[in-house]
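Notes follow once the structure below has been shown.
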2 protein chains.
Amino acid sequence: MKISARARYGVRLMMVLARNYGKGPIYLKDIAKEEEISEKYLGQIVIPLRGAGLVLSSRGSHGGYMLAREPSEISLRQIVDILEGDCLVRCIKDPSTCSRVTTCASRDIWMLLGGKISETLGSVSLAELNNIDHEKAEIHGRGSAVKRVKSKA
Amino acid sequence: MKISARARYGVRLMMVLARNYGKGPIYLKDIAKEEEISEKYLGQIVIPLRGAGLVLSSRGSHGGYMLAREPSEISLRQIVDILEGDCLVRCIKDPSTCSRVTTCASRDIWMLLGGKISETLGSVSLAELNNIDHEKAEIHGRGSAVKRVKSKA
DNA sequence: CTGATTTACTACTAAAATAGTAGTATTAAT
DNA sequence: ATTAATACTACTATTTTAGTAGTAAATCAG
């Protein structure tokens with residue numbers, strides 16, 4: 001039971017966009033460089049986030065990505081749900097895959113657990129996440145994200 | 001983010017043993033038949049459960065498996081922890097695998113989530129799980145487990 | 001003792017999922 | 001036009017998963 005790189009990378013991508021909210025579009029290249037993630041792979045990850053309306057994009061030489069709404073209005077749950085396609089057990093989404101559904105108690109428990117996970121992820125917004133990040137950065141002395149690395153200046 | 005068949009099967013195996021607690025050892029063959037799981041595969045799954053002291057085994061012609069303690073004293077968390085080797089993200093168990101550990105906020109969230117999952121699984125015992133099961137069985141009319149299928153009689 | 005039956009252990013394997021890479025097309029500013 | 005960004009599609013190496021197969025060891029009945 002682990003979280004895919006896809007979802008983890010997606011969250012980090014969104015955190016960078018959240019830090020730069022209101023500053024216009026950010027290049028994927030810069031995010032990839034800062035977060036040390038393959039740009040091509042990030043390019044695949046951002047597509048469904050855009051498709052779900054969490055991210056806006058613009059193409060061309062001054063293109064890039066930005067959040068579609070405030071960081072406080074985007075929860076981790078939304079991001080993870082989009083990127084982590086599969087649920088805990090298949091029979092939750094699709095009960096027809098198992099004939100034991102009506103009598104299976106363990107299924108009930110996996111559903112309960114799935115609910116708890118959603119609840120937990122739903123209770124954390126990108127804004128809160130970046131607050132944690134900022135506190136840690138103050139202690140350990142890290143710069144303020146993209147700006148420092150940005151290729152233009 | 002899904003639960004492996006290994007862990008799911010392990011939970012079902014333990015539920016059968018819980019239903020038959022106090023009745024002496026149960027054959028893996030019967031459990032496999034009842035739960036419609038490969039006996040050989042179950043044989044692999046039960047080993048670590050025995051190793052962790054949750055299950056007792058005896059070999060030979062009247063061998064089998066039984067719980068090492070009362071169903072109310074065994075939580076889902078124990079079972080899942082034993083069978084689901086990996087944690088949510090590798091950097092939790094082994095911080096040295098990532099250089100960003102000190103400044104990474106997302107890691108904090110995955111740890112929080114991991115805690116919630118443990119908490120949830122820890123709050124459910126095999127006894128409680130079988131109560132749910134029994135309620136469902138009464139509604140949908142299923143027999144009382146192994147006995148019905150048992151190969152000897 | 002012997003044979004039947006069970007667990008214990010080890011090695012192997014087909015299929016699926018994961019985490020990418022690569023290349024091309026499209027869009028937009030200079 | 002050229003450049004520089006996103007958009008899209010296809011492919012692939014590696015790892016993980018979910019088993020299968022076969023042998024060894026223990027235990028009980030007769």
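In what follows, every chain begins at residue 1, and chains take the letters A, B, ... in the order their sequences are listed.
With the nearest nucleotide of DNA chain C identified for both R6(A) and G60(B), G60(B) has the one nearer the 5' end. Nearest-nucleotide positions on DNA chain D for K40(A) and R8(B) put K40(A) closer to the 5' end. Each of S58(B) and G64(A) has a nearest nucleotide on DNA chain D; the 5'-most of these lies closest to G64(A).
In this structure, NZ of K33(A) is placed 13 Å from C1' of dA4(D), rounded to the nearest angstrom. Nucleotide dT5(C) holds its P atom 14 Å from the CG atom of D30(B), rounded to whole Å. I45(A) has its CD1 atom 14 Å from the C1' atom of dT21(C), to the nearest Å. Per the geometry, OH belonging to Y27(A) stands 15 Å off P belonging to dA28(C), to the nearest Å.
Distances from the side chain of S57(A) to the nucleotides dT7(C), dA7(D), dG19(D) place dA7(D) closest. Closest contact between the side chain of Y65(B) and the listed nucleotides dA8(C), dC8(D), dA4(D) involves dA8(C). Listed candidates were dT7(C), dA7(D), dA28(C). Nearest to the side chain of R59(A) is dA7(D). Picking from dC8(D), dC28(D), dT27(C) the nucleotide with the shortest atom distance to the side chain of R50(A) gives dC8(D). Comparing atom distances between the L28(A) side chain and each of dT6(C), dA19(C), dT6(D) picks out dT6(D) as nearest. Of all nucleotides listed (dT6(D), dC9(C), dG19(D)), dC9(C) comes nearest to the side chain of I47(B).
Put simply, Y41(A) has no side-chain N or O that comes within less than 4.0 Å of OP1 or OP2 on dT18(C).
Salt-bridge formation is not detected for the pair K2(B)/E84(A): no Lys NZ or Arg NE/NH1/NH2 atom is positioned less than 4.0 Å from an Asp or Glu carboxylate oxygen.
Looking at R19(B), R12(B), K29(B) one by one, the single match for side-chain hydrogen bond (donor to acceptor under 3.5 Å, both in side chains) with E34(B) turns out to be R19(B).
At a cut-off of 3.5 Å, with distance as the only test, no side-chain donor of E73(A) or S125(A) sits close to an acceptor on the other residue.
Judged by distance alone, the side chain of T97(A) and the main-chain N or O of D94(A) form a donor-acceptor pair under 3.5 Å.
Applying the 3.5 Å distance criterion, the base of dT21(C) shares a donor-acceptor pair with the side chain of Q44(A).
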